[in-house]
Novice: 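There's a structure below that I have some questions on.
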Amino acid sequence: MNHKLMNVGVNLSLLFSLIYLLTHIPFIVAKEVDLLSIPAGAQGVVYVENASEGQLLYLHGISGKGIYVAKGEPGEVCVIPSFPVIAGGFDGQGIEIAKAKPIRLVVYSKAVSERLKAGEQVVSEDWVLSQPNSAVRGDIGIESGLSLQQGFILHPRKFWSSWFSSRWRQASCKAAAHL
């Protein structure tokens, strides 16, 4: 076999792999604040940059894809690059579909973080929620994009995979220096 053709095939394979990675990993560019940095005392951060928002009379819903960045073993950072996030409430004011504001949630509870990293859904009504200026810090802090009156579900599995009980690939964890 011709070694030049073999090298071209390997190079094309690497090129296609790189293109796939670049088009399937969400890139988030923060101008002033690193939106994915984990605050002191927190276990991780959920960030949803692009979400859709809909209102139908009194109903209000938000749907988007989030990224979860969390602490792993000492010196490790874990990432779930894309998972569904839905939120809603009864605070709608008409009929509208629009782009939602970015959502940033800070996970303080180790139990919530472990559930997300294991691929288990997290429902807001099962946990204590707080906002940045709250006197008591909750399991999950809502920093932007949602209110305490809106419920949400963080479900880091594709919807169809949970319906058909397919295996969940756990969060990818790497040494912080290698990210």
Novice: Is Tyr108 reachable from Leu148 through a run of I, L, V, M, F, W or Y residues, each pair having side-chain heavy atoms under 4.5 Å apart?
Specialist: no
Novice: If hydrophobic clusters are built from ILVMFWY residues whose side chains come within less than 4.5 Å, do Val106 and Ile80 share one?
Specialist: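 Unlinked, Val106 and Ile80 end up in two clusters.
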Novice: Check Ile62 against Gly145 and note the closest heavy-atom contact, atom names and distance.
Specialist: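 Of all heavy-atom pairs spanning Ile62 and Gly145, the closest is CD1-O, 4.1 Å.
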Novice: Mind checking the CG-CD1 spacing from Leu146 to Ile103? Nearest 0.5 Å is all I need.
Specialist: 4.0 Å
Novice: If I take atom CZ from residue Phe83 and atom NZ from residue Lys65, how far apart are they, to the nearest 0.5 angstrom?
Specialist: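 The distance works out to 10.0 Å.
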Novice: Would you compute the distance between atom NE2 of His155 and atom CG of Leu116 and round it to the nearest 0.5 angstrom?
Specialist: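 So the NE2 of His155 and the CG of Leu116 are separated by 11.0 Å.
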Novice: With distance as the sole test, does Ser130 use its side chain to make a donor-acceptor pair with the main-chain N or O of Gly138 at under 3.5 Å?
Specialist: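 Side chain of Ser130 to backbone of Gly138, a donor-acceptor pair under 3.5 Å: yes, one is there.
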Novice: Is a side-chain donor or acceptor of Asp139 paired with a backbone partner of Ser109 at a separation under 3.5 angstrom?
Specialist: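 It does not hold such a pair.
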Novice: Please give me the minimum heavy-atom distance between Lys117 and Lys71, naming the atom from each residue.
Specialist: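 For Lys117 versus Lys71, the nearest heavy atoms are NZ-O, 2.8 Å.
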Novice: How long is the span from the OG atom in Ser63 to the CD atom in Glu53, to the nearest 0.5 Å?
Specialist: 11.5 Å
Novice: Within a reach of under 6.0 Å around CG of Leu57, are more than 12 heavy atoms found that belong to other residues, nucleotides or ligands?
Specialist: yes
Novice: Just wondering, do Val85 and Ile153 contact through their side chains at under 4.5 Å, heavy atoms?
Specialist: no
Novice: Measuring from atom CG of Leu154 to atom CD1 of Ile140, what distance do you get when rounded to the nearest 0.5 angstrom?
Specialist: 6.0 Å
Novice: Could you report the tightest heavy-atom contact between Tyr47 and Pro102, atom names first, then the distance?
Specialist: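 Heavy atoms only, the tightest pair is OH-CB, 3.5 Å.
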Novice: So Arg115 and Trp127, do their side chains get closer than 4.5 Å, heavy atoms only?
Specialist: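 In short, these two side chains touch, coming nearer than 4.5 Å.
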Novice: Does some side-chain heavy atom of His60 sit less than 4.5 Å from a side-chain heavy atom of Gln150?
Specialist: yes
Novice: Once rounded to the nearest 0.5 Å, what's the spacing between atom OG of Ser52 and atom CD1 of Ile86?
Specialist: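 Between Ser52 OG and Ile86 CD1, I get 13.0 Å after rounding to 0.5 Å.
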Novice: Are any non-hydrogen side-chain atoms of Ser113 and Tyr68 less than 4.5 angstrom apart?
Specialist: yes
Novice: Identify the two heavy atoms, one from Phe152 and one from Ala87, that lie closest to each other, and give their separation to 0.1 Å.
Specialist: CB-CB, 3.7 Å
Novice: State, to 0.1 Å, how close Val45 and Ile38 come at their nearest heavy-atom pair, and which atoms those are.
Specialist: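 So the minimum-distance heavy-atom pair works out to CG2-CA, 4.0 Å.
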Novice: Mind checking whether Gln55 and Ile95 have side chains closer than 4.5 Å, heavy atoms only?
Specialist: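 No - every pair of side-chain heavy atoms lies 4.5 Å or more apart.
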